[in-house]
2 protein chains.
Amino acid sequence: MTTTKRSRQREAILEVVQGTKCHPTADWVYSEVRKIIPNISLGTVYRNLSQLSEKGTIQKLHMGTASEHFDGNPNPHYHVCCTQCGKIDDIDAEPFEKFNAWAADMYDGEIFEHYTLFTGKCSQCKSIKF
Amino acid sequence: MTTTKRSRQREAILEVVQGTKCHPTADWVYSEVRKIIPNISLGTVYRNLSQLSEKGTIQKLHMGTASEHFDGNPNPHYHVCCTQCGKIDDIDAEPFEKFNAWAADMYDGEIFEHYTLFTGKCSQCKSIKF
DNA sequence: ATAATAATAGTAACAGTTATCAATATTAAA
DNA sequence: TTTAATATTGATAACTGTTACTATTATTAT
């Protein structure tokens with residue numbers, strides 16, 4: 001098992017991901033990190049985002065879109081995608097375990113976990129009169 | 001709004017998707033449809049799978065993998081991905097509406113729907129002794 | 001200091017998908 | 001039935017997000 005060496009790039013990437021609630025894509029992280037390390041390469045961003053999510057420091061989120069999103073909060077929690085503005089909000093709550101039990105009841109195999117994405121309307125969009 | 005003309009290609013594609021429970025990718029559909037129409041092009045398969053899922057005849061499933069999967073059953077239902085063999089099983093049940101209510105309770109916006117993928121072990125893998 | 005090697009920048013390659021376009025097939029109307 | 005209009009096709013190029021490659025640089029343990 002290969003040891004890990006620190007790098008200023010990885011630390012900057014982690015800071016960017018942990019410093020936002022926007023659940024960014026690799027490209028967004030790249031453009032932000034370049035403000036700190038202008039000549040960082042996109043490959044480095046991808047490499048470190050993968051490494052960090054494999055280590056469990058951050059999360060990789062599959063939003064059903066072309067590109068992956070990342071979340072600086074490694075704890076399992078749900079997300080709501082606003083159908084109006086596209087914003088991804090957190091729902092900070094423990095996993096809804098009853099759901100697994102409910103599914104297991106209708107499935108002849110075993111159920112381990114569930115990955116859920118909610119759609120909805122965020123509070124800002126909700127309050128816009130039109 | 002542009003009208004639709006029948007095509008033997010689209011009908012073959014639909015038959016293939018409706019004729020399997022394996023939740024195939026475009027590539028799998030392509031290789032199957034070629035048994036019926038050997039010179040069909042991959043672009044045609046993609047084009048029709050998109051069109052059919054936009055029309056609501058089939059479903060496009062985001063499995064969090066590189067390629068999209070399709071489901072000949074257009075009715076909303078859940079899926080379980082076996083962590084051992086990768087098979088995607090159906091759970092034929094109505095959406096678990098309580099889940100939306102539960103989420104709405106902790107969210108200051110509105111909740112419309114949820115998309116869930118379960119992980120687990122399918123019945124075949126479950127029965128294998130090792 | 002030095003040696004070992006993890007990480008980098010830069011770039012090419014890759015996979016899945018979408019776009020382009022001339023030729024073909026389907027449909028509605030004459 | 002021809003004809004005209006146009007949706008669809010096969011073939012292929014282009015595009016996007018991501019990963020792989022490689023020589024160079026940075027980090028760490030000795």
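Numbered from 1 within each chain, the chains take letters A, B, ... in sequence-line order.
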Can you give one letter per nucleotide of nucleotides 23-30 of chain D, going 5' to 3': B for a protein heavy atom under 4.0 Å from the base, S for sugar-phosphate only, - for none? ----BS--

Which residues satisfy the side chain to side chain contact (heavy atoms under 4.5 Å, CB included) test with B/Ser31, sequence neighbours excluded? none

By side chain to side chain contact (heavy atoms under 4.5 Å, CB included), which residues pair with A/Glu94, not counting sequence neighbours? none

Pair up each side-chain donor or acceptor in residues 101-113 of chain A with any protein partner under 3.5 Å, not counting sequence neighbours, and list the distances.
| unit_1 | atom_1 | unit_2 | atom_2 | d |
| --- | --- | --- | --- | --- |
| A/Tyr107 | OH | B/Asp89 | OD2 | 2.7 |
| A/Glu113 | OE1 | A/Tyr115 | OH | 3.2 |

Chain A reaches DNA chain C, atoms under 4.0 Å from its heavy atoms, from C/dA4 to C/dG10

Using a strict heavy-atom distance below 4.0 Å, which residues from residues 16-50 of chain B are in contact with DNA chain C? B/Leu42, B/Tyr46, B/Ser50

Which residues satisfy the side chain to side chain contact (heavy atoms under 4.5 Å, CB included) test with B/Asp27, sequence neighbours excluded? B/Thr25, B/Leu42

Quick one, which residues of residues 58-68 of chain B touch DNA chain C with a heavy atom under 4.0 Å? B/Ala66, B/Ser67, B/Glu68

Could you list all the salt bridge (Lys or Arg N to Asp or Glu O under 4.0 Å) pairs where at least one residue sits in residues 32-49 of chain B, not counting sequence neighbours? B/Glu32-B/Lys35

B/Lys21: side chain to side chain contact (heavy atoms under 4.5 Å, CB included) partners, not counting sequence neighbours: none

So which pairs with a foot in residues 11-20 of chain B pass side-chain hydrogen bond (donor to acceptor under 3.5 Å, both in side chains), sequence neighbours left out? B/Arg6-B/Glu11

Degree of bending in the helix from C/dA1-D/dT30 to C/dA30-D/dT1 once both end axes are built from five pairs, to 10°: 40°

With a 4.0 Å cutoff (strictly under), does any side-chain N or O of B/Gln51 reach OP1 or OP2 of D/dA7? no

